[in-house]
Amino acid sequence: MTTSLLVPTTDDPIRDRIERLRREIEHHNRLYYVEAAPVISDAEYDRLVKDLEALEAERPDLVTPDSPTQRVGGAPLGEFITVEHTVPMLSIDNAYSEAELREWATRVRKGLTSTEPIHYVVELKIDGVAIGLRYENGRLVRAVTRGDGERGDDITANARTIHDIPLVLDERRTPAPEVLEVRGEVFMTESELARLNQLRREAGEPPYANSRNLTTGTLKQLDPRQVAKRRLRFTTHGLGETRGLELRSYWAILERLRDWGLPIGPHHARYDDIEAVWRHIQTWKIQRASLDFRTDGVVVKVDDLGQRERLGTRSKSPRWALAFKYDAEQAITKVRGVTIQVGKTGKLTPVAELEPVLLAGTIVKRASLHNPEEIARKDVRIGDTVVVEKAGEIIPQVVRVRTEDRDGTEQPFVFPTRCPCDRADVVKPPGEVDVRCPIPALQCHRQFKEWLAWFAHRDAMDIDGLGEKLIDQLVERGLVKTPADLYRLDVPTLAALDRMGKKSAENLVKAIAASKSRSLDRLLVGLTIRHVGVGSAETLARKFGTLEALRAATIDELKAVPDIGEIVAESVFQYLRDPANIAMIDDLLSVGVSPTAPPVIVARAGLPLAGKTVVLTGTLPTLKRSAAEDLIKSLGGKVSGSVSKTTSLVVAGADAGSKLVNALKLGVTVIDEATLLALANPTQPPVEFIVGEPHLKPATPLEREESPRQPDALVPPVSENQTCTPEPARSGDASVAPAPPHTAEPIAEPARSGDASVTPAPSPVATESKSLEGQQVLILGHFVKPWTQPKLAEWIKARRGVVTQSPGRATLALVGTKPSATKLAEVDARQVIRLDLITMLSRYGDPAVAVPTAAASQVEQAVEAASPTSPVRRARSGKASHVPSGQDRLLFPIED
Ligand SMILES: [Zn+2]
């Protein structure tokens, strides 16, 4: 590596190697801690440190205080106020094999008496950013990053934006101690990363590489409002300074932390022996792939705090904890050569051509080398043996060169000074790392090929059958020199190409012709205007309607378009005034490309969803999101991205997240896909239609959106002497979050989402309890046919409930229209749980108890009727909460 090569050599080879390793480790420390842009995996980094430790053990005379082995990490980020940790945030030693795990267990045993029981608590090691949260008398006073372990950055303002972090501890069960400092991990779920990248894509920006880097970068933001836009998560995994906390078992402390409202991972377990720990580790090696967050290992800790004290701490890590790290998916192969890829906007990317190797289930033949500086830094040469890795991303990376395998025949790669198009010398603007071909794409056939592929892309002109190989032939034979040339191709010309028959040529000509009438936004995407992504293209197309109008727009008119920023406006304006682009677009028009206006959404009276604002959430069983949106639009509805008081309807599928929670909070009607389909086709057989509380599967504790907390039911029970066994793999666990605290975030009071002082409430998602056993149900008011009071009483008795007339005895109140005001007041005063009919039927009925309805008009009435109502209190499991009231809701007619 280049950094290593800077070390002057002495006649002491070990001294040289130590010095090289130290510099390399420091380099990676800086990339990781300061620049938040690590380039090697943790496993690779840890190996470097281990190598150094081994050498220093051999030569203690060479150990200096500034060796990376003598401290925990790198320097703090620098832009925030630096705060000293009252108790250092230590790092944890890593193990990579069963043998290392057992050696650690043996050392732990040796440090204690030979007979005393040892309990181990295991936790998933989440790939995020470690922070400490300091609570004084139950209030969050400070959040500090780990930094170098001794000092970190005060990121309190940023931490407050993280919904998982309680600002005030919940003291209903146990008062908070005077001082409580918890340590934990801030992280980002993969679905959140995907959501943010979708927004980036729509904005025409490159996607973020991975969730951990983005988390680090986000916490470094000086503007907490920016932090809040990215929905970071937090999970607790340890303690710092505490005053007034008497518990001596970590397992018991976790339970206590959960009581206080701190998020604790759901996949904790406690074991009595290391065999069980090892089985747990093996189980999670497979299962972690199904999680919605990245984990790279399992942390094993001695449970008893007294034992921990006796075991003590070494210079940088405690003896009572060990991080077992799963191997990153790496493979070793050879670099056969380096080729240059030219992107559609002219960027030259060096690509390592590898000897094919099996990595994480796929054959890898190429790996990106990013830019010339990266090649120089890693010193990748042709013929080198390299370690390649898939670190959560799809594109494999070259992690490092195995310089020890070199035999002298390796050839350094000389980055070309000329673009492979051979039309221009490359440029590298000062201060930038990327090398570019400076000429326009129409003149550089390498850029042009990429551009054509993009032009035909699904998000752009959507030309089926125009693949990479075909584009190569078309461009190389000079058949296509501009996008318009595509529309001049005929069947005989295409049929004469390699791997093309008459039939496929005919199909391609048809597909190309069909793309002539794609909407304007798709054409704009296809043109590859800088900064214009799918989202802004659609905005522009809707605003201007026609290409003519867009071309005629002044810069001020462009800037005035809502959601179009100055940069996009400038870019579009310049693009449309460039003579070459003008000619190219005119050429497209001359061959018959005639972009249509994007469909305008207007509320059409008479349609089932006319004037309705509809929100989609979760995965629908059959409809793709775009298809569902189209369907809603065709029914006269407007699709919106977020739930508010103006939302008429939420269509929820599996894994629905906080949008569903918000809908329930606001009393917005929730329907499923079948109901949506029934709206479109009223003659369909009965469908399920649920108001208030859908019986969607509750197996998705991780809210995909900004969801605050998790439902109770998913938290494994914790007790002082319990030994957990790992949960068996369940398909429903696919997105289980690490942080369901004991109490869930309030489902009402949206304005105070960050305020932990509001009373926590159970999840609104239906629980598993179906029986009404032990419940005394008070029926108030009138209900839709056929639910007369006798019929309701019968239904309740069939589920082992008791019908009562007394609000004093009632545990549940079923409230219909026109209830007795005095009884209702008493119900509320006694905090009796209130339910509306549909909620009761869906919660206590058969999972499929649905209210059948056939006609769309009835659904329409229900939609109409389900206006937001004021929340009422209820009490469940001793907790107060808020649910939408059914009180004023006119339930729709039900047919027998
Ligand atoms: Zn070029």
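As the structure lists them, so they are numbered: ligands from 1, and atoms in each ligand from 1.
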Could you go through Glu570 and His531, starting from their C-alpha distance and side-chain angles, then the distance that decides it, and tell me whether this counts as side chain to side chain donor-acceptor pair (under 3.5 Å)?
CA-CA 10 Å; Glu570 284 287 353; His531 303 298; over 6 Å; no
Does the Arg436 side chain pair with the main chain of Gly346, one donor and one acceptor, at a distance under 3.5 Å?
no
Would you give the length of the straight line joining atom OG1 of Thr546 to atom CG of Leu520, rounded to the nearest 0.5 angstrom?
7.5 Å
Lys NZ or Arg CZ of Arg577 over Tyr575 ring: under 6.0 Å, within 45°
no
Would you list the protein N, O or S atoms within less than 2.8 Å of the Zn ion (ligand 1), leaving out water?
Cys419 SG, Cys421 SG, Cys437 SG, Cys444 SG
Would you please name every residue forming a ring pair (Phe, Tyr, Trp, His ring centres under 6.0 Å) with Phe448, sequence neighbours left out?
Trp451
Under 3.5 Å: donor-acceptor pair, side chain of Thr333, backbone of Glu355
yes
